[in-house]
Visitor: 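Have a look at this one.
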There are 4 protein chains.
Amino acid sequence: MKKDKPKYRQIIDAAVVVIAENGYHQAQVSKIAKQAGVADGTIYLYFKNKEDILISLFQDKMGHFIERIEEQIAGKERAVEKLLVMVESHFTMLSQDRHLAIVTQLELRQSNKELRLKINEVLKGYLSLVDKILVEGKENGEFSGNLETRLARQMIFGTMDEVVTTWVMNDQKYDLPSLAPSVHQLLISGCKAD
Amino acid sequence: MKKDKPKYRQIIDAAVVVIAENGYHQAQVSKIAKQAGVADGTIYLYFKNKEDILISLFQDKMGHFIERIEEQIAGKERAVEKLLVMVESHFTMLSQDRHLAIVTQLELRQSNKELRLKINEVLKGYLSLVDKILVEGKENGEFSGNLETRLARQMIFGTMDEVVTTWVMNDQKYDLPSLAPSVHQLLISGCKAD
Amino acid sequence: MKKDKPKYRQIIDAAVVVIAENGYHQAQVSKIAKQAGVADGTIYLYFKNKEDILISLFQDKMGHFIERIEEQIAGKERAVEKLLVMVESHFTMLSQDRHLAIVTQLELRQSNKELRLKINEVLKGYLSLVDKILVEGKENGEFSGNLETRLARQMIFGTMDEVVTTWVMNDQKYDLPSLAPSVHQLLISGCKAD
Amino acid sequence: MKKDKPKYRQIIDAAVVVIAENGYHQAQVSKIAKQAGVADGTIYLYFKNKEDILISLFQDKMGHFIERIEEQIAGKERAVEKLLVMVESHFTMLSQDRHLAIVTQLELRQSNKELRLKINEVLKGYLSLVDKILVEGKENGEFSGNLETRLARQMIFGTMDEVVTTWVMNDQKYDLPSLAPSVHQLLISGCKAD
DNA sequence: GATGAATGAGTCTTCATTCAT
DNA sequence: TATGAATGAAGACTCATTCAT
């Protein structure tokens with residue numbers, strides 16, 4: 001399996017650094033190769049093309065991201081608590097990897113429609129996690145029975161995304177995780193109300 | 001004033017169509033010129049360069065957008081009502097101009113950081129409008145006194161943006177304006193609660 | 001006759017200024033029109049095309065140049081004296097019109113081969129003047145009978161040209177006419193010797 | 001070292017041919033690449049940009065030119081002899097490379113001021129060589145002690161340049177090297193006198 | 001005669017990808 | 001496996017000239 005070989009990860013990690021430091025449009029394959037310490041041609045032994053690097057990067061990082069959140073949530077019983085843990089983890093993980101935050105919030109969005117559709121595929125895993133929490137909350141009475149899951153999920157995801165993007169655009173100069181409780185409060189109010 | 005000449009608008013409108021139909025990266029100046037019915041060189045009598053077309057496009061359309069929302073809001077007294085009108089207008093206007101929706105939600109986000117910074121400048125006008133409603137709502141007791149304006153604004157903007165983007169990505173195949181009441185409900189619940 | 005109308009000269013004089021101040025490749029027709037105080041299209045009522053402006057400029061200025069030298073020479077009897085007057089006039093006239101000096105020594109040489117051939121046509125008048133002096137000098141024994149007129153003329157013209165060009169390239173910061181006697185001395189030594 | 005690779009010379013030599021045959025303004029990079037038998041992009045592996053090709057061309061050819069003249073001169077003892085060798089070599093080398101003669105005498109002079117300034121830098125090497133011969137000649141009594149080195153150098157260089165340019169403009173249809181003795185005679189007469 | 005808005009041809013450079021070694 | 005030299009397609013912008021008014 002190619003994904004287990006050390007150069008595979010070397011290249012992915014190099015891509016995150018290069019994109020974060022140079023921007024999406026200045027992240028040439030040759031720069032990524034140099035940062036990874038391999039020849040340009042070597043990239044193509046591990047990835048089909050440049051787009052494949054970016055998708056793999058997103059899958060890899062976001063997969064890990066979701067796994068971690070699922071682990072954290074596992075121990076909690078109530079939907080409200082789970083949502084808090086999710087917001088906290090989301091904010092904490094991104095604030096701990098400044099390069100990744102820049103890449104996911106700003107740079108990767110400059111990619112073309114096709115790539116963004118594939119990124120959305122990856123995000124679906126995250127979105128179903130949110131959906132699962134919402135359904136659970138509705139079932140056990142924490143959230144309003146009338147709550148429209150899809151819209152609520154869009155509110156939750158849209159709000160977190162906007163908060164993180166604003167933070168990145170402000171050069172990450174304030175503490176993101178400490179915003180989690182307030183954001184959580186806003187979100188569950190929306191979900192609880194009729 | 002160049003902006004008042006008919007060709008100025010012709011070119012802007014042509015740019016919206018070309019970008020929506022071909023995507024940001026396939027929107028060559030020559031295509032825009034052809035769509036506008038003018039020669040390539042004529043573009044440069046009205047715009048400094050390609051980027052200037054895109055910024056002008058955003059300023060023009062978004063300026064109009066904000067003006068319309070301000071007009072609609074003017075007649076309302078309560079913050080809650082104003083928010084409803086805003087969400088309704090936002091959704092209605094974008095669903096009435098499918099090309100513009102594609103351009104603002106998907107294509108223009110592929111622009112480089114510099115252009116996006118200028119786009120953000122334009123958006124600040126919209127964000128202050130939201131802020132004004134929130135402050136008003138807090139003052140007259142409609143919203144919780146503890147509500148953090150900045151976070152609430154990010155929730156409102158992030159939620160609307162996510163809802164519209166999802167709708168565009170689903171090829172605008174359901175009715176967007178009819179989602180306004182539910183979205184509004186979600187948002188004000190968040191704002192009302194303590 | 002177009003050449004006698006005031007706008008004809010206005011445009012020529014404007015061209016000298018614009019080329020001297022902006023360089024040959026930055027001397028657009030629209031800039032010349034603006035400097036001349038006429039519309040772009042008006043240029044084409046007086047000149048066939050841009051090249052025609054430049055040729056006319058050279059003919060006009062250089063024609064005047066040669067006429068003046070011929071007048072000055074007329075009063076002199078000896079070839080050696082005539083040569084001195086020529087070098088002095090040449091240097092003096094160019095040092096009195098700094099713009100023209102820049103245009104003839106530096107900028108107009110950037111023109112394409114075709115234009116330069118036409119410029120050479122104009123210069124032939126000057127060269128025959130030199131030839132006439134040389135033949136005269138040989139006939140009356142001032143210069144060596146073996147002197148090859150063509151080469152001597154190339155030495156005279158090449159030397160004067162190089163001296164003026166060096167002066168222009170050094171931003172005209174020393175006094176050019178005062179070099180005339182030494183240059184003259186060098187040239188007649190070459191002509192006198194066997 | 002890039003300059004030692006065969007493609008570097010291939011491209012330079014191709015540039016000389018293309019410029020000589022098509023003229024400076026019709027010497028597109030793609031034409032040079034085709035003549036060199038490489039892809040357009042390959043040019044940019046060896047040169048920073050188009051201007052860099054032209055500067056390198058001049059440095060390379062003129063560097064070689066000066067070296068050859070220095071070698072030839074080395075064996076001579078008297079300044080007068082050295083000057084003869086210089087004129088002979090200058091004329092001979094250019095008459096042996098008709099393309100190069102066209103490029104240096106006509107085409108490269110159409111370049112913009114910036115490029116010509118860099119060309120002048122290269123020429124300084126040649127000019128100091130002339131100066132060295134002149135100083136030597138003055139010291140050992142071959143030339144007049146009053147000779148102004150700068151003016152004499154301008155005469156020598158200006159005369160040779162004018163003679164060669166006239167020859168090129170006349171389509172190189174007479175024998176240039178055979179003019180060397182006469183030109184040399186003219187020049188040393190100027191230097192010896194007074 | 002005079003205007004100036006409109007035209008449209010023409011070119012340097014980048015960079016993802018390949019393939020001989 | 002790994003290399004890296006070579007490839008070649010693709011697009012924004014300028015400016016001399018025209019022509020309807």
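Each chain gets a letter, A, B and so on, in the order its sequence line appears, and its residues count up from 1.
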Visitor: Taking side chain to side chain donor-acceptor pair (under 3.5 Å) as the test, write out the residues that go with E121(C), two or more places apart.
Guide: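 E121(C) satisfies side chain to side chain donor-acceptor pair (under 3.5 Å) with K124(C) once adjacent residues are dropped.
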
Visitor: Identify, residue by residue, the members of residues 42-60 of chain A with a heavy atom below 4.0 Å from DNA chain F, and return them in order of residue number, or none.
Guide: T42(A), L45(A), Y46(A)

Visitor: Would you jot down, in residue-number order, the residues of residues 12-39 of chain B having a non-hydrogen atom under 4.0 Å from DNA chain E?
Guide: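 Nucleic-acid contacts, sorted: V38(B), A39(B).
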
Visitor: Would you call D60(B)-K3(B) a salt bridge at under 4.0 Å N-O?
Guide: no

Visitor: Using ring-ring contact (aromatic ring centres under 6.0 Å, His included) as the criterion, list what pairs up with Y8(D), not counting sequence neighbours.
Guide: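 Partners of Y8(D) by the ring-ring contact (aromatic ring centres under 6.0 Å, His included) criterion, ordered by chain and then number, come out as F47(D).
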
Visitor: Going by side chain to side chain donor-acceptor pair (under 3.5 Å), name the residues that satisfy it together with R116(B), two or more places apart in sequence or in a different chain.
Guide: none

Visitor: Would you please name every residue forming a ring-ring contact (aromatic ring centres under 6.0 Å, His included) with H99(C), sequence neighbours left out?
Guide: none

Visitor: When Watson-Crick pairs (N1 to N3 and N6-O4 or O6-N4) and G-U wobble pairs (N1-O2 and O6-N3) count only below 3.5 Å on both distances, what is the dot-bracket string of DNA chain F, with | for other-strand pairs?
Guide: .||||||||||||||||||||

Visitor: Is a side-chain N or O of K50(D) found less than 3.5 angstrom from the main chain of V29(D), in a donor-acceptor match?
Guide: no

Visitor: Take F58(A) and L123(A) through the side chain to side chain contact (heavy atoms under 4.5 Å, CB included) test and state the conclusion after the steps.
Guide: CA-CA 9 Å; F58(A) 202 79; L123(A) 282 180; 4.1 Å; yes

Visitor: Kindly write out the residues that satisfy side-chain contact (heavy atoms from CB on, under 4.5 Å) with E107(B), not counting sequence neighbours, or none if the list is empty.
Guide: K113(A), I19(B), Y24(B), I102(B), Q110(B)

Visitor: Got a sec, which residues hit ring-ring contact (aromatic ring centres under 6.0 Å, His included) with H64(D), two or more places apart in sequence or on another chain?
Guide: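 Checked H64(D) against ring-ring contact (aromatic ring centres under 6.0 Å, His included); zero matches.
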
Visitor: For Q35(B), what residues pass the side chain to side chain donor-acceptor pair (under 3.5 Å) criterion, not counting sequence neighbours?
Guide: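 Once residues adjacent in sequence are excluded, Q35(B) has no partner under the side chain to side chain donor-acceptor pair (under 3.5 Å) criterion.
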
Visitor: What are the bounds, 5' to 3', of the part of DNA chain E that sits under 4.0 Å from heavy atoms of chain D?
Guide: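 Contact boundaries, 5' end first: dT11(E) to dT14(E).
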
Visitor: Apply side chain to side chain donor-acceptor pair (under 3.5 Å) to Q10(D) and list each qualifying residue two or more places apart in sequence or on a separate chain.
Guide: none

Visitor: Please report the shortest heavy-atom distance between N112(C) and E51(C), naming the atom on each side.
Guide: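 Scanning both residues, the minimum pair turns out to be OD1-OE2, 4.0 Å.
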
